[in-house]
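Here is the structure we will look at.
Lettering of chains follows the sequences in order, A, B, ..., and the numbering in each one begins at 1.
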Amino acid sequence: MRKNRFQAWIHLIISGILFMSLLPLLFMVIQSLRAQIDYDSSLWSISSGMIGFQNYSAVLSSVYPYVFNTFTYSIATVAGVLAVSTLTAYIFARFSFPLKQLLFSSIIALMMIPGILTFIPQFLMVFRLNLLDTPWALILPGISGGLIFAVYLLRTFFEQIAMEIIEAARIDGAPEWRIIGTIVVPLSIPTLATIGVLNFLWMWNAYIWPLVTLSSSEKWTVSIGMAFLSNAYGGANEVEQYAAYTLSSIPLLILFIIAMKYFLQGINSGMLKG
Amino acid sequence: MMPLVKSMARKKYIYISLLPAFMLLVTFQYIPFFNAFYRSFFDWNGANRAEFVGLDNFIDLLFRNPDYLPSLGRMGVIVLVQILQGVIMSLFLATLINHVKSERTKYLYRVFVILPAVVPGIIGTLLWKNFYSTDGLINQILVFLGQAHYTTTWLGNEHTALLAILFMGFPWINGTFTLIYLAGYIGINSEIYDAANIDGVNIWSRFWKVEFPLLLPQTRLIVLLALIGSIQNYENILILTNGGPGTSTLVPGLMLFQYAFSYSQMGYACAIGILLFMIIITITIINQSWGRES
Amino acid sequence: MLKVSRKTMAILLIILLVSALSGCTKDPKKQQAVTETSPTPQVEQKTPVPDDLKGEISVVTLYKENVKNLEQAAKDYMALHANVTVNVKQMPYDGYGAWLKTQYLTDQAPEVVFTEGANEFKTTDNIISLNDFLNEPNPYSKSGKAAWKDDFVNPYIELSKDAGGSVNMIPWSLYGIGMYYNKTLFDKAGVIELPKTWNEFMDVSGKLKATGVTPWAVALKPSDAQTAWPLFIMHAATTRSLVPEVNLLHKDNWSFDSNNPLSVQGETITAEERYVAFKKGLIDPVKSKQMADPYRIMKEAAKFMNTKNFTAIEGADAINDFLNGKSAMLYQGTWYLPTLQSKLAEFKKSGKNDKAFEFGIFPFPEITMENTDTLALGGVNQSAGLRNGFMVKKMKDDNKTKIAIDFLKFITSPEQADKLFKMEDPATGFRYITDISTVQGVAPMPGTEQMQPKQQWADLTAGGVNYDQKDWDEFWIQWQQYFTDKITFEEFLKQRSKSNLAALERNLKTFDKDIDKVWMEKQLKDIK
């Protein structure tokens, strides 16, 4: 009885917190269904002027053509980040070698650099490497930026994996790459999923960088496509922008739900082995 | 020297394995960073005019610019509050979810935790901007509670603008942080739980004596992430107040942005960024050693 | 939400670049081009349209509303030149500053960019000076004028000059601003006659306020220039008497006739002239009544504004307050007319007749000798300024430069400009371009008569609000504090003076190679 009441309280508090943090999402969806003229009169009188999916059909063409590009860039970046950072973090977690601490600190230090500081030099680097207007202009800097955080996070996690499991595999004669593939990665699925989701999100929402590095419109990303909806000289249709935001977050939503499934699987396997 | 080289040669495969990461980092991170570092000693317009000025940019920033030091102090407050918000609220939510019995509900909650992340940040900022307006939600709540004398235009008042920025996003749930804590909870051996349960330890002391110490690595990580995030973030402030009214919400990140892209004083902007970098590094080293000791 | 704000900000950027940096060097060689600006006598002989052009250029616009016009122009141009390809492309307005900067840095920028601010890219040596080209004939023009520049409305070529004396963009459109007012609210307040002078304006505002409405909603932010535009025209008027004392490096035989707008043609206030004038105290807000008075006068209107939230809201919110009948007046440009008309029509259509008010427009009320004794040489010209134009990339390939210039001559010929400006969006029935043409003889958009620029007196703004972007940002901080009584008027002037001086010093550095240092040193020595 006491346990049940305790559970009920927990549910109540969690629901309250989650509802409040979901307000922006609700706000975005509701505004996207309204008519501009009602939006102009009041942000909140949502009883009238719901026009359904009219706004969506108006903005479909500024989101849809770029979804595939953005998806490709994001997936490639996420794959790169996960591959490189798993390898790097495993080495830092499981081996000792000269200069280890210095090398690791020098990676972590990169996290503290304000992004705007390196914007122009990074752009010039991409230019000199002749990568402008290729997907690599997004993917390679994306991997290099994402892996800093990933290495830090994964190293902490790998160090928590019981050494006996790895030693046992080593005694069995398993090569290191096999240990990574069959023991380390399956155990780290929750962490890897978190890193993957975060990097995907960064890539998906990036605006200025793709804008300056990709000049052919057929290579553009969703955020660039959406930028054409806002208008320098006013008269922009804000409700349509909300519709576009909502549309562009649908692929993210799907991805999150899939990632969450893996996250849960990882949890279960982690529990079994732990 | 020789033994070092020898031992490095013996472990050459380790270094080869690190190559992909470091090649990427050198190309897209270190070189651009040192480039910016080098430029911080110049009066540089970002294009064709660069004049070596030594430490002038730094000296001007620290001793002559009346906005810089106050903005640093303001940033300190923001960083501190946002770290606390990040740690406390995410830990609280993760702990609650961890105590949920039904696995399916637990799963659902996890989805909802990360769900707000699909919404572009600007939406939340605009929503809160509206909440803070003269007849916005916050003032309406105050009137409803009979506290009408406390109503103000929160973002237009020098005394409340910073407070409003800090309060924005209540209940300050960060999906990533919560997930990191949840993953941490999973890592805590279920046997420990059983032992604690058998001993009849209540939830509160179990949290402080068992769980919180075990979640220290996660906490350290989140402190670091919140620190970096809040120091670099200027976009919210840019949209909400643009540093005003007056300079009451100006932060170094926003100054860096203004000097780099509005004033074409790239060298000076680089100096702002480098100083910021040095400050964050110092705080981080302190944070790291704190984490290790405890 | 943020769009209007960005727009106004960009407009202001131009005004300030144009009006503040409009100085030029008195390097005799550079000056030559300027001296020839006076209308050239008409010539009979026509230069033939060049038919040997061959190549490809790209024209990029950052504005949706110009895409259709430019595409039409490109089509018409290519019909004349079979071997030329003109590609028209639109880029998003968001982040265009960073985009242009990076494209120029790596020489990937399009040959022609339609822009609101070109001078920045001249100081970074990315674009070419257009002075010489403007003195050439325009083969596409049937006006019979000898030089390309003669087809433009006076004095907007002058206004587009930077502190190096160089014209960096071919002007395309001007903005005109007027006071939109809500007739219903004016009737309710018993206002019979529209205010013509500042004092009448204060009376009318008082009557409006008595009915419980906000007379004039503004945002004291860079996203809303409503409180800054009046300062620009007021400063031009109050400092008019200072022009001869400030514009010392003028061309030979120049004399200032305040009643003749053409008398400032070819003249600009340069970086060093301004610096010297400031040091002399002529345009130092602390020492100069001419500089201080407009700030003081504008503050009189503060009590009729939305004092509760004018430091919090954005320009778009101020506009929305007017649209929703919460405020009675709005100081906006020609571009707002179609938006307002269509929104009011939509109110009617959706049965919200109570919201569909009638509106009118009147010119900004003029300040008189009753407000300031600095108006010895004439009053206020109605606000208008250069809004945008085309800049041409600095290229090794002369052929591309030739095509770019030829294309620009084509679209700014009176016949083409007239055609392009009159193009209407079939979906809305309004013009694509809501601004005023810089090319002479193009009929303004119907309904904008009250917002047409009126140059009654000669303006050569001796001293203005600000002299660069940083000065501008600092102005807004100080302006907010002054309007909310956080600082006194004296303190405000002191801070303004400090920001102005810092900006003038930065300008000396930026235009270092154009500055007559010997003259400046001598002048500065004389002050001491």
Using a 4.5 angstrom heavy-atom cutoff, name the option from A/V84, A/I91, A/T88 with the most pairs to chain B.
A/I91
For the residue pair B/T125 and B/N236, confirm or rule out a side-chain donor-acceptor distance under 3.5 Å.
yes
Lys NZ or Arg CZ of B/R110 over B/Y107 ring: under 6.0 Å, within 45°
no
Residue, of A/L153, A/L117, A/I143, that accumulates the most heavy atom pairs under 4.5 Å with chain B
A/L117
The side-chain contact (heavy atoms from CB on, under 4.5 Å) partners of B/F34 (sequence neighbours excluded) come to B/Y30
A/L131 versus chain B, the contacting section by heavy-atom distance below 4.5 Å
side chain
Winner by heavy-atom pair count (cut-off under 4.5 Å) against chain B, out of A/S249, A/P141, A/G16, A/S223:
A/P141
Name the region of A/L18, side chain, backbone, both or neither, that has any atom closer than 4.5 Å to a heavy atom of chain B.
side chain
Excluding sequence neighbours, so at least two apart, what forms ring pair (Phe, Tyr, Trp, His ring centres under 6.0 Å) with A/F149?
none
I'd like to know which of B/G46, B/G124, B/G175, B/P120 tops the heavy-atom pair count under 4.5 Å against chain A.
B/P120
Spell out, as yes or no, whether a donor-acceptor pair under 3.5 Å connects the side chain of A/Q122 to the backbone of B/F28.
yes
In terms of heavy-atom proximity below 4.5 Å to chain B, should A/I148 be classed as side chain, backbone, both, or neither?
side chain
Does any heavy atom of chain A fall under 4.5 Å from the side chain of B/L224, the backbone, both, or neither of them?
side chain
Residue, of B/I180, B/N35, B/V100, that accumulates the most heavy atom pairs under 4.5 Å with chain A
B/V100
Please state whether the side chain, the backbone, both or neither of B/I114 comes within less than 4.5 Å of a heavy atom of chain A.
both
Could you look at B/M266 and say if it's the side chain, the backbone, both or neither that has a heavy atom under 4.5 Å from chain A?
side chain
Give a yes-or-no answer on whether the side chains of B/T219 and B/Y181 include a donor-acceptor pair shorter than 3.5 Å.
yes
Taking side chain as everything from C-beta outward and backbone as N, CA, C, O, which of these in B/F92 sits under 4.5 Å from a heavy atom of chain A? Side chain, backbone, both or neither.
side chain
Determine whether the aromatic ring centres of residues A/W9 and A/F6 are separated by less than 6.0 angstrom.
no
Can B/Y15 and A/F97 be said to form a side chain to side chain contact (heavy atoms under 4.5 Å, CB included), step by step?
CA-CA 9 Å; B/Y15 296 103; A/F97 50 91; 3.7 Å; yes
Could you tell me if A/R94 sits above the aromatic ring of A/F158, with its cationic atom closer than 6.0 Å to the ring centre and no more than 45 degrees from the axis?
no
Given heavy-atom pairs under 4.5 angstrom as the criterion, report whether the side chain, backbone, both or neither of B/L96 touches chain A.
both
What I want to check is whether the side chains of A/Y90 and A/E176 have a donor and an acceptor closer together than 3.5 Å.
yes
Count the heavy atoms of every other residue, nucleotide or ligand shown that sit under 6.0 Å from CZ of B/F112, and state whether that count exceeds 12.
no
So with a 6.0 Å cut-off around CH2 of A/W202, is the heavy-atom count from everything else above 12?
yes
Which atoms of A/L255 approach chain B - backbone, side chain, both or neither, heavy atom under 4.5 Å
neither
So for A/F123, is it side chain, backbone, both, or neither that comes closer than 4.5 Å to the heavy atoms of chain B?
neither
Top residue by heavy-atom pair count (under 4.5 Å) with chain A, among B/L18, B/I173, B/V111?
B/L18
Is B/K101 close to chain A through its backbone or its side chain, or both, or neither, when contacts mean heavy atoms under 4.5 Å?
both
Looking at B/S102, B/S17, B/A269, B/S40, which one has more heavy-atom pairs under 4.5 Å with chain A than the rest?
B/S17
Given heavy-atom pairs under 4.5 angstrom as the criterion, report whether the side chain, backbone, both or neither of B/I97 touches chain A.
both
Scored by heavy-atom pairs under 4.5 Å with chain B, the best of A/L99, A/L110, A/L25 is A/L110
Do the side chains of B/L225 and A/Y152 get nearer than 4.5 Å, heavy atoms only?
no
Residue part contacting chain B, namely of A/L201, when any heavy atom lies under 4.5 Å
side chain
Okay, B/I231 and chain A: the region with an atom under 4.5 Å from a heavy atom over there is neither
Taking every heavy-atom pair that is under 4.5 Å apart, which of A/I113, A/L87, A/I10 has the most such pairs with chain B?
A/I113
Looking at chain A, which one of B/T27, B/V113, B/I31, B/L276 has the largest number of heavy-atom pairs inside 4.5 Å, strictly under?
B/T27
Contact origin within B/F131 toward chain A - heavy atom pairs under 4.5 Å:
side chain
Sort B/A117 into side chain, backbone, both or neither according to what part of it lies under 4.5 angstrom from a heavy atom of chain A.
both
What is the distance from atom CE of B/M255 to atom OG of B/S262, rounded to the nearest 0.5 Å?
12.5 Å
Does A/F19 CZ have over 12 foreign heavy atoms under 6.0 Å away?
no
Under 4.5 Å from a heavy atom of chain B, the part of A/L124 involved:
neither
Side chain from CB out, backbone as N, CA, C, O: work out which of these in A/L198 comes under 4.5 Å of a heavy atom of chain B, or both, or neither.
side chain
Can you tell me if B/F37 has over 12 outside heavy atoms packed within less than 6.0 Å of its CZ?
no
Close aromatic pair by centroid cut-off 6.0 Å: B/Y268 and B/W44
no
Heavy-atom pairs under 4.5 Å with chain A: which of B/Y109, B/F22, B/F33 has the most?
B/Y109
Under 4.5 Å from a heavy atom of chain B, the part of A/M111 involved:
both
Between B/I14 and chain A, with a heavy-atom cut-off of 4.5 Å, which part of the residue counts as in contact: side chain, backbone, both or neither?
both
Among side-chain atoms of B/H99 and B/Y185, is any donor-acceptor pair under 3.5 angstrom?
no
Checking A/S188 against chain B: side chain, backbone, both or neither under 4.5 Å from a heavy atom?
neither
Name the option with the most non-hydrogen atom pairs under 4.5 Å to chain B; the candidates are A/G115, A/S106, A/G145.
A/S106
Using the ring-ring contact (aromatic ring centres under 6.0 Å, His included) rule, pick out the option among B/F261, B/F257, B/Y259 that qualifies with B/Y234.
B/F257
